[in-house]
Amino acid sequence: MAATTHTVTNQVPPLVGHDVFATDRVLSEAVERHVEPGILPVALEELGELGRAAGSAQAQDWGAQANAHPPVLHTHDRYGHRVDEVEFHPAWHRLLGHAVSAGLTDAWGRPAGHVRRAAGFLVWTQAEAGHGCPLSMTHAAVPALRTDPALAAEWEPLLTSHTYVEGLRNPREKAGVLFGMGMTEKQGGTDVRSNTTRAEPLSGAGAYLLTGHKWFCSAPMSDGFLVLARAPGGLSCFLVPRVLPDGTRNVFLIQRLKDKLGNRSNASAEVEFDGTWARLVGEEGRGVRTIIEMVAATRLDCVVGSAALMRQAVAQAVHHSTYRGVFGGPLIDKPLMRNVLADLALESEAATVLAMRLAVAYDADTEEERAFLRLALPAAKFWVTKRSTAVVGEALECLGGNGYVEESGMPRLLREAPLNSIWEGSGNVQALDVLRALQREPRALDAFLREVGKARGADHRLDAAIKGLLTELADLDGIEARARRLVERFALVLQGSLLVRWAPPEVADAFCASRLGGDGGAVFGTLPHSLDLASVVARARPSAA
């Protein structure tokens with residue numbers, strides 16, 4: 001007979017075997033709202049398949065293995081030849097293969113492609129976030145390459161392929177490829193115009209040799225990279241293939257892999273170019289303008305990825321609280337815990353709704369929507385990515401000591417959470433980008449105000465927040481020092497307007513009261529007790545249990 005001390009009671013069953021998409025009411029409603037009826041059944045079917053896979057024990061095991069066994073750099077073979085290869089655990093390849101086959105690198109040519117891909121990215125990266133990097137880079141390379149029709153014709157079919165092919169070889173022999181990016185250098189970081197990597201033209205049309213050092217190179221085992229280098233005509237964008245057309249390896253010297261806080265399943269490297277063959281993308285001297293299309297698309301993925309981390313963290317917290325008994329009843333029924341969970345759920349829902357609205361703008365690709373994105377995208381990237389770390393940290397605490405243990409998966413989420421705020425421009429970069437849009441592109445503000453104006457009159461706190469934002473914009477004194485405050489208000493007003501239009505009344509009411517009306521504190525769990533918090537929490541439950 002087992003000793004009574006070995007009896008396990010009041011432990012929460014694992015959140016496994018559920019449909020990550022179907023049980024996310026906010027995301028599924030957004031897909032139904034934004035995908036036209038003729039395509040909707042196909043979109044729901046593909047997202048349902050992906051959601052069930054993401055919630056499976058198999059995918060969760062892959063995610064744990066890929067992080068427990070991080071990539072390993074092999075600079076030389078046993079004979080002393082340079083190989084510059086990064087070895088990944090098989091689980092990494094299974095995650096990537098499933099993602100590519102689900103179309104997570106294919107948005108630019110499909111009907112409602114960006115909404116479908118964003119929803120899929122939000123679902124699948126909840127299984128493991130690190131492999132989202134090469135998926136994002138590959139997807140985002142397409143608009144930059146389209147500045148050169150010949151390059152786009154050669155590479156786009158491979159970038160948008162639904163076939164994942166592991167290993168380095170001639171891209172012409174592969175059914176699909178992945179891309180990475182190399183912009184930052186050790187002396188400049190964000191200031192890419194200080195880059196010193198040189199590009200010397202060859203006699204062949206568009207061919208160059210690169211010499212320099214990249215401080216951060218994303219996904220170094222990819223088939224190709226978009227990089228910045230200084231050509232005779234100025235800073236320019238180049239495509240660097242890992243394998244040359246004749247089948248030989250390009251000069252791509254991986255000096256070391258970064259030892260990162262999180263994102264440990266993914267490799268980020270320092271790379272040296274030493275006579276590295278490259279092709280010009282776009283015009284000489286217009287490299288930043290060319291590669292910024294890639295940067296913008298990856299910024300959208302920063303928002304979507306942060307929304308995914310929030311959703312997974314909140315789902316785990318609500319699931320734990322549903323099954324954990326304390327002081328004579330389920331934890332979820334305790335008023336104080338319900339307040340915390342509702343506050344977290346509000347943040348998650350606002351992030352998801354905003355991320356999907358940005359994807360809609362990419363699909364529409366009209367002058368109005370492009371102007372809207374010019375301001376809304378950096379504001380969203382600034383705010384949502386920063387809120388992710390706070391949400392995940394509070395959600396971890398909902399699990400108590402169990403959440404601090406690696407087996408819960410919460411520490412991995414917490415380590416991952418700050419990345420999207422840093423990647424593709426930190427908070428200050430996004431805030432300054434919003435200021436540039438306001439100063440140089442007045443149509444961006446007009447488009448933004450038309451968007452939030454669609455909800456005017458529905459909530460007095462939202463109306464007051466819009467008026468307050470306009471008042472702040474009228475005062476240009478110390479505008480740069482006030483940029484973060486201003487961009488925060490942009491993001492909150494936009495989120496509030498979307499929730500007022502599309503969320504249930506109890507969600508919109510709670511958001512406007514706490515985020516726009518000032519009836520909330522500096523920490524989560526300070527919502528007005530008179531709100532319908534039980535309904536907000538119930539909406540965030542990840543299963544019917």
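Everything numeric here is computed off the predicted structure, so don't read it as measured data. All values below were derived from every heavy atom in this structure, side-chain atoms included, with hydrogens, water molecules and symmetry-related copies excluded.
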* To do: Show your reasoning for whether salt bridge (Lys or Arg N to Asp or Glu O under 4.0 Å) applies to Asp148 and Arg279.
  => CA-CA 11 Å; Asp148 186 319; Arg279 289 176 63 179; 5.6 Å; no

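- Considering only heavy atoms from C-beta on, Arg443 stays 4.5 Å or farther from Arg370 through its side chain.
- Between the side chain of Asp363 and the backbone N or O of Val115, at least one donor-acceptor pair lies under 3.5 Å.
- Within 6.0 Å of CD on Gln58 lie more than 12 heavy atoms contributed by other residues, nucleotides or ligands.
- Side-chain atoms of Lys386 never come within 3.5 Å of backbone atoms of Lys381 as a donor-acceptor pair (strictly under, hydrogens ignored).
- Looking only at distances, no side-chain donor or acceptor of Ser136 sits under 3.5 Å from a matching main-chain atom of Cys133.
- Inter-residue side-chain proximity for Val353 and Arg357 is flagged as unmet; no heavy-atom pair is nearer than 4.5 Å.
- Surrounding CD of Glu173 are more than 12 heavy atoms belonging to other residues, nucleotides or ligands, all under 6.0 Å away.
- With rounding to the nearest 0.5 Å, the separation of CG in Leu498 from CE in Met356 is 12.0 Å.
- Residues Thr147 and Arg289 fail the side-chain proximity criterion, which asks for heavy atoms closer than 4.5 Å.
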* Give the C-alpha distance, both sets of side-chain angles, the deciding distance and a yes or no for side chain to side chain contact (heavy atoms under 4.5 Å, CB included) between Met221 and Phe88. => CA-CA 10 Å; Met221 281 306 290; Phe88 291 88; 3.8 Å; yes

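- When atom types are taken as modelled, the side chain of Gln430 and the backbone of Glu424 share a donor-acceptor pair closer than 3.5 angstrom.
- Under the 3.5 Å distance criterion, the side-chain polar atoms of Asp365 are left unmatched by any main-chain donor or acceptor of Ala361.
- Between the Ser265 side chain and the Pro70 main chain, no donor and acceptor come within less than 3.5 Å of each other.
- Counting only heavy atoms from C-beta outward, the side chains of Trp62 and Glu128 never approach each other to under 4.5 Å.
- Remark: Arg450 engages Glu368 in a salt bridge, criterion side-chain N to carboxylate O under 4.0 Å.
- The 12-atom threshold is not exceeded at CZ of Arg193, counting heavy atoms of other residues, nucleotides or ligands nearer than 6.0 Å.
- Atom CE of residue Met137 and atom NE2 of residue His139 lie 11.5 Å apart, to the nearest 0.5 angstrom.
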* To do: Determine, stepwise, if the pair Leu95 / Trp124 fulfils side chain to side chain contact (heavy atoms under 4.5 Å, CB included).
  => CA-CA 9 Å; Leu95 287 162; Trp124 184 247; 3.8 Å; yes

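- Side-chain contact between Leu377 and Leu358 is present, with heavy atoms from C-beta onward closer than 4.5 Å.
- Counting all heavy atoms, side chain and backbone alike, Leu47 lies closest to Phe21 at O-CB, 3.6 Å.
- In this structure, the side chain of Glu154 does not engage the main chain of Ala150 through any donor-acceptor pair within 3.5 Å.
- Between Pro134 and Trp92 there is a side-chain heavy-atom pair separated by less than 4.5 Å.
- A donor-acceptor contact under 3.5 angstrom links the side chains of Thr196 and Glu185, judged on distance only.
- Applying the side chain to side chain contact (heavy atoms under 4.5 Å, CB included) test between Lys174 and each of Thr163, Asp223, Val243 identifies Asp223 as the sole match.
- The number of heavy atoms from other shown groups lying within 6.0 Å of CZ (Arg82) is above 12.
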* Report the C-alpha distance between His131 and His93 in whole Å, list the side-chain angles of each, state the deciding distance to 0.1 Å, and finish with yes or no for ring-ring contact (aromatic ring centres under 6.0 Å, His included). => CA-CA 9 Å; His131 76 292; His93 295 293; over 10 Å; no

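- When all heavy atoms are compared, the tightest approach of Leu50 to Ala102 is CD1-CB, 3.7 Å.
- Residues Lys214 and Thr184 have side chains that never bring a donor and an acceptor to within less than 3.5 angstrom of each other.
- A donor-acceptor contact closer than 3.5 angstrom is absent between the side chains of Asn195 and Thr197.
- The minimum heavy-atom distance linking Ser222 with Leu168 is given by the pair O-CD2, 3.8 Å.
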* Residue pair Arg485, Glu472: steps toward the salt bridge (Lys or Arg N to Asp or Glu O under 4.0 Å) verdict -> CA-CA 10 Å; Arg485 172 189 171 94; Glu472 287 222 30; 2.9 Å; yes

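- No side-chain donor from either of Gln255 and Glu270 sits under 3.5 Å from a side-chain acceptor of the other.
- Atom CG of Leu438 is separated from atom CG of Leu486 by 6.5 Å, given to the nearest 0.5 angstrom.
- Ring to ring, Phe490 and Phe382 are not that close: their centroids are 6.0 angstrom or more apart.
- Looking at heavy atoms from C-beta onward, Asp433 lies out of side-chain contact with Val429 at the 4.5 angstrom threshold.
- Arg169 approaches Val165 most closely through the heavy-atom pair NH2-CG1, 3.1 Å.
- The closest donor-acceptor contact from the side chain of Thr290 to the backbone of Arg286 lies under 3.5 Å.
- Taking CG from Asp24 and CG from Leu122, the interatomic distance works out to 7.0 Å, rounded to the nearest 0.5 Å.
- In this structure, CG in Leu419 is found 8.5 Å from OG in Ser306, a value given to the nearest 0.5 Å.
- Between the side chains of Asp274 and Thr211, no donor-acceptor pair of N or O atoms lies under 3.5 Å.
- Within the structure, ring-ring contact (aromatic ring centres under 6.0 Å, His included) pairs that include any residue of residues 196-218 comprise Tyr208-Phe238 (at least two apart or interchain).
- Checked by atom type and distance alone, the side chain of Glu284 pairs as donor or acceptor with a backbone atom of Gly233 at under 3.5 Å.
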* To do: Would you sort out whether Ser268 and Asn266 count as a side chain to side chain contact (heavy atoms under 4.5 Å, CB included), showing the intermediate values?
  => CA-CA 7 Å; Ser268 303; Asn266 178 44; 4.0 Å; yes

* To do: Carefully, step by step, assess Asn263 and Arg415 under the rule side-chain hydrogen bond (donor to acceptor under 3.5 Å, both in side chains).
  => CA-CA 7 Å; Asn263 197 248; Arg415 287 192 298 271; over 6 Å; no

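- Atoms CG and CZ, on Asp446 and Phe372 in that order, are 13.5 Å from each other to the nearest 0.5 Å.
- Looking at Arg249 and Leu244, their side chains never come closer than 4.5 Å, going by heavy atoms from C-beta outward.
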* Asked: Between Val86 and Val72, is a side chain to side chain contact (heavy atoms under 4.5 Å, CB included) present by the stated rule, with each step listed?
  -> CA-CA 6 Å; Val86 181; Val72 177; over 6 Å; no

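- Using cut-offs of 30° and 60° for the angle between ring planes, the Tyr362 and Trp108 rings count as perpendicular.
- Using a cutoff of 4.0 Å between basic side-chain nitrogens and carboxylate oxygens, Asp301 and Arg117 are scored as salt-bridged.
- Between the side chain of Arg116 and the backbone N or O of Pro111 there is at least one donor-acceptor pair closer than 3.5 Å.
- Counting heavy-atom neighbours within 6.0 Å of Arg482 CZ, excluding the residue itself, gives a total above 12.
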